[in-house]
K.L.:
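Below: one structure in structure tokens.
Just so it is clear, the structure is predicted and the values come from calculations on it, not from any experiment.
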Amino acid sequence: MKKIGAFLLLLMLFVSSAFAQDDAQFTLFPWATMYYNPGAMGEQSNTLCFTGFYRQAYVGWQDVYTDENGQVTKEKTAPREFMFNIESYLRKCKGSFGLSILSDRVGFYNNVGIRFGYAYKLKIPTGHLGIGLQVSFFNQAIDGSKLHALQENDAVLTKLQGEESVMDFDINFGLFYKADRWNVGLSGTQLITKARLSGDASVINRSRQLYLHGGYIWILPWNPSWTLEPSALIKTDLKSVQFDLMLLTRYNGVFWGGLSYRIDDAVSLLFGARPFYNHSNNYLKGIDLGLAYGITTSKMGYKKDRGYGDIEIMIRYCFDIYKEEVFSGYGSTRNIYKNQY
């Protein structure tokens with residue numbers, strides 16, 4: 001009963017508020033897991049990892065305005081996101097630390113966020129569980145002089161004549177379980193805050209987000225060089241739901257490719273490689289490159305001044321921070337059989 005009560009309390013925390021979605025989204029979400037689930041930080045065992053993302057959504061999108069004199073103005077306002085993550089497992093702390101830095105431009109809003117957290121790694125017989133907590137600082141800025149009202153004396157825009165910004169503090173929490181060939185996670189972000197720009201008519205509420213995600217690795221029995229790796233990400237503010245479905249195929253751990261589908265948004269082609277995976281130099285093995293091109297399936301794309309798809313680039317570099325342990329001479333067998341954590 002205590003476990004059920006704790007779960008219901010956590011669920012109520014997620015449900016208590018639901019507004020517009022604010023978290024950035026990435027097509028290559030398996031490489032961005034620590035951004036939306038703190039429990040997944042440091043899953044590349046005993047390594048230090050750096051991951052960079054660049055995403056341009058609705059390439060070519062332009063907002064078109066016509067003033068009272070009939071002059072037409074076009075402005076590029078498509079979403080654009082940069083993210084840089086650092087994560088590492090530290091043995092003495094029995095867990096992982098992670099830092100995520102995000103720059104997100106949507107329309108005339110410029111958002112900058114920093115998330116820092118710790119994930120405790122609990123070893124269990126069939127795998128391990130990560131229990132993570134993040135604190136985040138979020139700055140949102142808008143230049144009201146660039147906004148165009150659709151009607152005169154707009155109550156909101158009259159209060160946003162110049163540049164305004166707000167700094168906010170937040171907390172994220174996540175659970176992530178990983179076995180040899182599958183994983184599953186549950187997390188919540190933006191759990192406590194409501195950020196506001198000045199004036200009662202221009203309130204910006206950052207919504208609480210709930211994520212459920214998982215993946216599986218299936219080794220083809222007739223050709224072990226190939227694997228199929230389906231994964232899914234469900235995200236909701238408990239007002240609307242969005243699904244990301246992905247299927248990758250990987251050859252010898254080096255080359256990978258596949259398809260991804262985001263409901264009512266895009267079908268994406270995915271390509272990537274770990275070009276030095278079998279190289280003798282251990283410092284080159286951890287380079288991982290990824291590219292995604294999303295074909296817009298909604299009304300946001302493929303019309304005049306609309307988007308021509310999404311482009312996303314991912315670069316990851318991981319390397320071991322602990323030397324391989326070599327045992328020699330006499331000693332207790334307790335020092336030989338060490339688990340992952």
K.L.:
When rounded to the nearest 0.5 angstrom, what is the spacing between CZ in Arg80 and CD in Gln56?
P.N.:
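Arg80 atom CZ to Gln56 atom CD measures 6.5 Å (nearest 0.5 Å).
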K.L.:
Do the side chains of Leu186 and Leu210 get nearer than 4.5 Å, heavy atoms only?
P.N.:
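They are in contact (side-chain heavy atoms under 4.5 Å apart), so the answer is yes.
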K.L.:
Between Leu270 and Trp256, does a side-chain contact (heavy atoms from CB on, under 4.5 Å) hold up when you go through it step by step?
P.N.:
CA-CA 8 Å; Leu270 315 174; Trp256 53 267; 4.2 Å; yes
K.L.:
At what distance, to the nearest 0.5 angstrom, does OG1 of Thr227 lie from CG of Asn252?
P.N.:
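Reported to 0.5 Å precision, the distance equals 9.5 Å.
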K.L.:
Check this for me: Asn223, atom CG, are more than 12 non-hydrogen atoms of other residues, nucleotides or ligands nearer than 6.0 Å?
P.N.:
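It does: Asn223 CG has more than 12 such atoms within range.
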K.L.:
Would you say the side chain of Ser231 lies within less than 4.5 Å of the side chain of Phe29, judging by non-hydrogen atoms?
P.N.:
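Side-chain contact under 4.5 Å: yes.
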K.L.:
Side chain to side chain donor-acceptor pair (under 3.5 Å) for Ser136 and Gln134? Distances and angles first, verdict last.
P.N.:
CA-CA 6 Å; Ser136 69; Gln134 283 178 335; over 6 Å; no
K.L.:
In Å, rounded to the nearest 0.5 Å, how long is the span from NZ of Lys235 to CD of Gln242?
P.N.:
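The CD atom of Gln242 is 4.5 Å from NZ of Lys235, to the nearest 0.5 Å.
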K.L.:
Could you walk me through whether Leu259 and Leu247 pass the side-chain contact (heavy atoms from CB on, under 4.5 Å) check?
P.N.:
CA-CA 6 Å; Leu259 295 172; Leu247 179 62; 5.6 Å; no
K.L.:
Given side-chain contact (heavy atoms from CB on, under 4.5 Å), test Ile295 with Tyr293 step by step and report yes or no.
P.N.:
CA-CA 7 Å; Ile295 302 170; Tyr293 175 72; 3.8 Å; yes
K.L.:
Rounded at 0.5 Å granularity, tell me how far CZ in Arg316 sits from CD in Glu87.
P.N.:
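CD of Glu87 is found 5.5 Å from CZ of Arg316.
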K.L.:
Which pair of non-hydrogen atoms, one from Pro221 and one from Pro224, has the smallest distance, and what is that distance?
P.N.:
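Where Pro221 meets Pro224 most closely, the heavy atoms are O-CD, 4.4 Å.
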K.L.:
Look only at the side chain of Ser96 and the backbone of Met41, and say whether a donor-acceptor pair between them is shorter than 3.5 Å.
P.N.:
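Yes: the side chain of Ser96 pairs with the backbone of Met41.
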K.L.:
Angle between ring planes, Phe53 versus Phe26, binned at 30° and 60°: parallel, tilted or perpendicular?
P.N.:
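If you compare the ring of Phe53 with that of Phe26, the planes turn out tilted.
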K.L.:
Of all heavy-atom pairs between Lys123 and His128, which one has the smallest distance, and what is that distance?
P.N.:
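Distance-wise, the nearest heavy atoms are CA-CB, 4.2 Å.
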K.L.:
Over 60° means perpendicular and under 30° means parallel, so tell me whether Trp182 and Tyr177 are parallel, tilted or perpendicular.
P.N.:
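Taking Tyr177 first and then Trp182, their aromatic rings sit tilted (interplane angle of 30° to 60°).
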K.L.:
Among the clusters formed by ILVMFWY side chains lying less than 4.5 Å apart, do Leu129 and Phe176 turn up in the same one?
P.N.:
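No.
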K.L.:
With the 4.5 Å side-chain cut-off for hydrophobic clustering, are Leu175 and Leu133 part of the same group?
P.N.:
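Yes, one cluster joins them.
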K.L.:
Salt bridge check, Asp288 against Arg250: does any charged N sit closer than 4.0 Å to a carboxylate O?
P.N.:
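No salt bridge links Arg250 with Asp288.
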K.L.:
Go through it in stages, so that I can follow the logic: the residues are Ile287 and His279, the test is side-chain contact (heavy atoms from CB on, under 4.5 Å), and I'd like the CA-CA distance, side-chain angles, deciding distance and then a yes or no.
P.N.:
CA-CA 11 Å; Ile287 298 176; His279 200 278; over 6 Å; no
K.L.:
In terms of relative ring orientation, are Phe97 and Tyr118 parallel, tilted or perpendicular, with 30° and 60° separating the classes?
P.N.:
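If you compare the ring of Phe97 with that of Tyr118, the planes turn out tilted.
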K.L.:
Would Val135 and Ile114 show up in the same hydrophobic cluster when neighbours are defined by side-chain heavy atoms closer than 4.5 Å?
P.N.:
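Yes, because Val135 and Ile114 connect within a single hydrophobic cluster, where side-chain heavy atoms sit under 4.5 Å apart.
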K.L.:
So if you build clusters from Ile, Leu, Val, Met, Phe, Trp, Tyr with side-chain heavy-atom gaps below 4.5 Å, do Val241 and Tyr261 land together?
P.N.:
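Linked within one cluster.
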K.L.:
Taking Arg115 for the side chain and Tyr35 for the main chain, is one N or O donor matched with an acceptor at less than 3.5 Å?
P.N.:
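Yes, because the side chain of Arg115 sits within donor-acceptor range (under 3.5 Å) of the backbone of Tyr35.
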K.L.:
Distance-only, no hydrogens or angles: does the Glu81 side chain make a donor-acceptor pair with backbone N or O of Ala24 under 3.5 Å?
P.N.:
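It does not hold such a pair.
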K.L.:
So, Lys121 side chain and Gly39 main chain: donor-acceptor pair closer than 3.5 Å or not?
P.N.:
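Confirmed, Lys121 side chain pairs with Gly39 backbone.
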K.L.:
Is it the case that over 12 heavy atoms from other parts of the model lie below 6.0 angstrom from the CZ atom of Phe255?
P.N.:
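No - once you tally the heavy atoms of other residues, nucleotides and ligands closer than 6.0 Å, there are 12 at most.
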K.L.:
For Lys285, does its backbone N or O pair with a side-chain atom of Arg274 as donor and acceptor, under 3.5 Å?
P.N.:
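Yes.
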K.L.:
Where does the angle between the aromatic ring planes of Tyr36 and His213 fall among parallel (under 30°), tilted (30 to 60°) and perpendicular (over 60°)?
P.N.:
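Geometry flag for His213 against Tyr36: perpendicular rings.
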K.L.:
Please name the pair of heavy atoms, one in Met167 and one in Phe137, separated by the smallest distance, quoted to 0.1 Å.
P.N.:
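Closest approach of Met167 to Phe137: SD-CB, 4.2 Å.
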K.L.:
Determine the minimum heavy-atom distance between Asp310 and Arg262, stating which atoms define it.
P.N.:
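Nearest pair, atom of Asp310 first, then Arg262: OD2-NH1, 4.4 Å.
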K.L.:
Indicate, with yes or no, if Leu245 and Leu228 share a hydrophobic cluster defined by side-chain heavy-atom contacts under 4.5 Å among Ile, Leu, Val, Met, Phe, Trp and Tyr.
P.N.:
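No, Leu228 and Leu245 fall in different hydrophobic clusters.
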K.L.:
Are any non-hydrogen side-chain atoms of Ile321 and Tyr89 less than 4.5 angstrom apart?
P.N.:
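SC-SC contact between Ile321 and Tyr89 ruled out.
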K.L.:
Should the heavy atoms of other residues, nucleotides or ligands under 6.0 Å from CG of Asn281 be counted, would the total exceed 12?
P.N.:
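Counting neighbours around CG of Asn281, more than 12 heavy atoms of other residues, nucleotides or ligands fall under 6.0 Å, so yes.
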K.L.:
Quick check on Ile234: does its CD1 atom have over 12 non-hydrogen neighbours (other residues, nucleotides or ligands) under 6.0 Å away?
P.N.:
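Atom CD1 in Ile234 is packed in, count exceeds 12.
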K.L.:
Among Asp104, Val112, Asn111, which residue satisfies the side-chain contact (heavy atoms from CB on, under 4.5 Å) criterion with Gln140?
P.N.:
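Going through the options one by one, the only one that passes is Asn111.
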K.L.:
Looking at every heavy atom in both Glu312 and Thr27, which two are closest together, and how far apart are they?
P.N.:
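Scanning both residues, the minimum pair turns out to be OE1-N, 2.8 Å.
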K.L.:
Can you label the angle between the Phe319 ring and the Tyr317 ring as parallel, tilted or perpendicular, going by 30° and 60°?
P.N.:
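Rings of Phe319 and Tyr317: tilted, as their planes differ by 30° to 60°.
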K.L.:
When rounded to the nearest 0.5 angstrom, what distance separates CZ in Phe84 from CG in Leu102?
P.N.:
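One gets 13.0 Å once the value is rounded to the nearest 0.5 Å.
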K.L.:
Can you give me the closest heavy-atom contact between Pro38 and Ala119, atom names plus distance?
P.N.:
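Residues Pro38 and Ala119, closest heavy atoms: O-CB, 3.4 Å.
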K.L.:
Heavy atoms, side chains only, cut-off 4.5 Å: are Asn139 and Asn110 in contact?
P.N.:
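Contact flag for Asn139/Asn110 side chains = no.
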K.L.:
Is there a side-chain contact between Asp170 and Phe138 in this structure, where contact means two heavy atoms from C-beta onward sitting under 4.5 Å apart?
P.N.:
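No, every pair of side-chain atoms sits at 4.5 Å or beyond.
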K.L.:
Taking the side chain as every heavy atom from C-beta outward, state whether Met83 and Arg55 have any pair of such atoms under 4.5 Å apart.
P.N.:
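Side-chain contact under 4.5 Å: no.
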K.L.:
How many angstroms lie between CD1 in Ile263 and OG1 in Thr297, if you round to the nearest 0.5 Å?
P.N.:
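Rounded to the nearest 0.5 Å, the CD1-OG1 separation comes out at 8.5 Å.
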K.L.:
Test your reading of the model: is there a side-chain donor-acceptor pair from Ser88 to the backbone of Thr47, 3.5 Å cut-off?
P.N.:
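Indeed, once roles are kept as given, a pair shorter than 3.5 Å links the two residues.
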K.L.:
Checking side chain to side chain donor-acceptor pair (under 3.5 Å) between Tyr211 and each of Asn37, Thr33, Asn172, Asp23, which is the one that passes?
P.N.:
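That would be Asp23.
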